[in-house]
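Presented below is the structure to which this report refers.
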Amino acid sequence: MKTNINIISLIVFGASLAGVLGSCTAEAPFAGEGQGAVKMHVVLNDNLSRATVDEVEQLAENCKIYITTGEGYGNVLHKWTGVGNLPASVALRYGVYRAEAYAGDSVPAGWDKKYYKGLVPFEVNSSQPNPEVQIVCKIANVAVSVDKNSIDDNVVADDYSVTFGIGDTNKTLVFGKSEVDNESKGYFMMPVNQTGLRYEIVANDKEGNSHTYSGTIDNVKSAHEYRLSFKYGADTSTDGGAFIAIEIEDVEIINDEIVIEGPPSIAGTQKQVVNLEGNFGDEVVSVASYGALSSLKLALPSGTLSRAAEVDSVDVIHMTTSVRDNLAMRGIDFDEIVEESTDIHLYHINFRSTWLNALPKSEEPIIVPVIAVDRRNNVVRQEFSIANTESAIVISDPVVLEDISVSDCLALTGTKAVVTLRVITPDAGTPVVRYCVAGTGDWSTVNGDLSGDIMTFRLSGLSTATRYEYQATVGDFVSESKYFTTEEAFVIPNAGFEDWSTYSAKTMLGTKSVTIPWSAGDKSASFWGSGNEGAATANMTLTDKSTDMLHGGAYSARLESKAAMGVLAAGNIFVGEYVKTDGTNGVLSVGRPYNGSHPEMLKVRANYRPGSGVKVKSGNEEFVPAGFGGGNDHGQIYVALTTAPIEIRTNPNNRKLFSKDDSEVLAYGEVTWTAAFGPDGSLQEVEIPLEYNNRASSTRPTHLVIVVSASKYGDYFSGAEGSVMYLDDFELVY
């Protein structure tokens, strides 16, 4: 049986439904730069064994999805870790791309380490601006097994072994009687230079004679299983016939598709709703499912609909209009939201304060069972519990450990997490939270701060892109484990400026060759840009590679401010693209797509030597500091996380410069040098802390901005010739 695992599953109820619920993960990724937008759907195929819910969750959490472009699709434009972090659509310019997805463990040989991959080319163009791409991840392993039914215990002694290995390497798996009886399967990842699997069988006959057989399975293919069977008396080429002969069956793993989708998930019933004063607020129970539910039933207390019935049962999906109106009048209403890109259906059952406060006082909990049945007949039942008297309050655990908030984008970063719990029994003691890398059991503990009945714990010193387990403990009580995965660090492309090339640009004085800090001469695909295209009109290069000062590698970036015909051009480099030249002015787009993580600072190695005798362009005096003219130049680096690229225009007639107060900016940091920085002839490390604004807690960044200038006020054509800055090895620090 082949199994197709749809890993866009209901893994974590709140996080997976970010697009439906409008949480921080569903903000600007859909509104970035581009002429179109691609929608992606990821499917995982595996017919070797039916995955458990935990396995599906792990695969989904660790799945890496990329959009690449350029020759050979070598340039990564977007990268996500975890299907729950994949946006519903991604804005792209017209062009040819490839969607890639990888999941599982890529190891040379293992018993349970399977690896999946999928590659889909696609194009965004005027006739198809919004393509939909399904990335089908097929198993990439070569599988091996031994047919246990072919082992004749009357012929073969129990101490046999079957060894499989990759070509001439030492990557092997050994099947003994236990592995064969358990129908174990082995998995190999074949190197590109190996196409054969060798095997060796060592077995004793019942007389105690040892026999060894070896051979090679040539031209093995991924997504195929090679099943070895023992045959007896089939080979008479040797005297008396062979002890056994070998048969290899090639079985294709991937055939048709069966989809495993998460069962319905119910939220809003995890804790009892308590109010003793008769002033309940509105309460919501939410149910999510893949595809429409076949039924969603409530068992309401007597008298809600009919005073003659002990319990009023109603299917809120299929109820009549009169029943719907009757419930709404009493204070229970219902709505449904459909996320078309993922076929997620989200149902809200709204228990209004009018209904809750009209319930008669009860010495027992008032229970409303919620029963959801999906299209595959999966049934999920949970109870919505209400207490309006002291005796009806259910006290079980002394504390209730909460999931990490999905509405606060800063609650979980690359190295930090904010965990909360609700204190039910204050007399039980002071709760602590313990946490560890999932599966290790190497626990660390942290104390919390109490406010009302909510206790907040701040975990720090975590590792990026790592799955953690956490529990609440108080006295002898230990809660059930919950899990989170920290953000993956964003690695800045060409951060050490090792790659340089050129491209051709049209200027007022003809076509010029322009230097760019990127391996391929394509300014639209390049992560970095500079003002070299504008300066090319005057045959100047402001930013170029250098070997004068290095932190690592062969090159650094050298920025020098120069002047032509009395107009200053600042040496600069930035994340983004030089769009065009407007007369003697420039139009830039700063910011490139980013993975949404939350670093604490930007680190870089730099050296700055300002030029002297600053000249301020006439008419721009109000934009520069008093006394700037005639003095030393200023150098600057600033970094920002934004929700979109930002256009910069230096033309005074339509000038628009970057501001940390722009609506797109979520975090900002800068350093300005008014004098020399760094020892003569060498680079010095500088750290630029990022400060997050209030919008950052509800919106996730989609673009990274870094702008560096050897003349800070170069946008106003003011500064000093000969200001020089060297840069090497940018790094985001978490």
Side-chain angles (χ1 to χ4, degrees), residues 33 66-79 92-98 490-562 569-581 586-594 604-606 637 645 648 683 703-710 724-731:
E33 63 175 333
Y66 302 84
I67 293 179
T68 59
T69 187
E71 185 176 352
Y73 303 97
N75 297 326
V76 176
L77 292 183
H78 296 271
K79 177 182 177 182
L92 293 170
R93 297 182 177 184
Y94 291 163
V96 177
Y97 303 90
R98 185 164 70 181
F490 183 83
V491 178
I492 300 171
N494 201 26
F497 303 112
E498 297 301 304
D499 298 326
W500 296 80
S501 59
T502 60
Y503 66 93
S504 296
K506 294 180 180 179
T507 74
M508 292 184 295
L509 300 180
T511 300
K512 303 288 185 179
S513 180
V514 179
T515 298
I516 187 172
W518 200 245
S519 58
D522 182 350
K523 69 176 183 177
S524 295
S526 170
F527 194 80
W528 293 94
S530 78
N532 281 344
E533 183 173 326
T537 302
N539 293 318
M540 295 189 304
T541 297
L542 306 175
T543 300
D544 205 347
K545 62 186 177 185
S546 174
T547 59
D548 296 342
M549 301 183 204
L550 303 173
H551 175 256
Y555 300 112
S556 61
R558 183 181 186 274
L559 289 53
E560 181 178 0
S561 297
K562 301 179 181 180
N572 64 83
I573 198 168
F574 56 88
V575 170
E577 177 182 347
Y578 187 96
V579 178
K580 65 180 180 179
T581 301
V587 178
L588 317 178
S589 174
V590 297
R592 287 299 194 196
Y594 176 69
V604 66
R605 279 76 180 181
I637 304 173
I648 292 178
L683 302 173
H703 287 73
L704 171 67
V705 172
I706 301 173
V707 177
V708 187
S709 179
V724 177
M725 188 184 301
Y726 291 87
L727 302 166
D728 204 359
D729 292 336
F730 276 97
E731 178 187 3

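Since the structure is predicted, the reported quantities are computational estimates derived from the model, not experimental observations. Position 1 is the first residue of the sequence, and the numbers go up from there.
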List in chain and number order the residues that pass ring pair (Phe, Tyr, Trp, His ring centres under 6.0 Å) with Phe490, two or more places apart in sequence or in another chain; answer none if no residue qualifies. Tyr594
Ring pair (Phe, Tyr, Trp, His ring centres under 6.0 Å) with Tyr726: which residues, sequence neighbours excluded? none
Show the numbers, then the answer: is there a side chain to side chain contact (heavy atoms under 4.5 Å, CB included) between Ile637 and Leu727? CA-CA 10 Å; Ile637 304 173; Leu727 302 166; 4.0 Å; yes
Pairs touching residues 490-504 that satisfy side-chain hydrogen bond (donor to acceptor under 3.5 Å, both in side chains), sequence neighbours left out: Tyr503-Glu533
Quick test of your reading: applying salt bridge (charged side-chain N to carboxylate O under 4.0 Å, His left out), list the pairs with at least one residue in residues 543-562, sequence neighbours left out, ordered by first then second residue. Arg558-Glu560
For residues 536-543, dump all side-chain donor-acceptor pairs below 3.5 Å to protein atoms at least two apart in sequence or in another chain.
| unit_1 | atom_1 | unit_2 | atom_2 | d |
| --- | --- | --- | --- | --- |
| Asn539 | OD1 | Lys512 | NZ | 2.8 |
| Thr543 | OG1 | Asn572 | N | 3.4 |
| Thr543 | OG1 | Asn572 | O | 2.5 |

Taking all non-hydrogen atoms of both residues, which atom of Val590 and which atom of Phe574 are closest, and how far apart? CG1-CD1, 3.9 Å
Hey, could you give me the OG1/OH distance between Thr547 and Tyr555, rounded to the nearest 0.5 Å? 8.0 Å
Which residues pass the side chain to side chain contact (heavy atoms under 4.5 Å, CB included) test with Ser561, not counting sequence neighbours? Leu568, Ala570, Ala710, Ser711, Ser723
Can you label the angle between the Phe730 ring and the Trp528 ring as parallel, tilted or perpendicular, going by 30° and 60°? tilted
With rounding to the nearest 0.5 Å, note down the distance linking CD in Glu577 to CD1 in Ile516. 8.0 Å
With a 4.5 Å heavy-atom cut-off, do Thr581 and Thr507 have their side chains touching? no
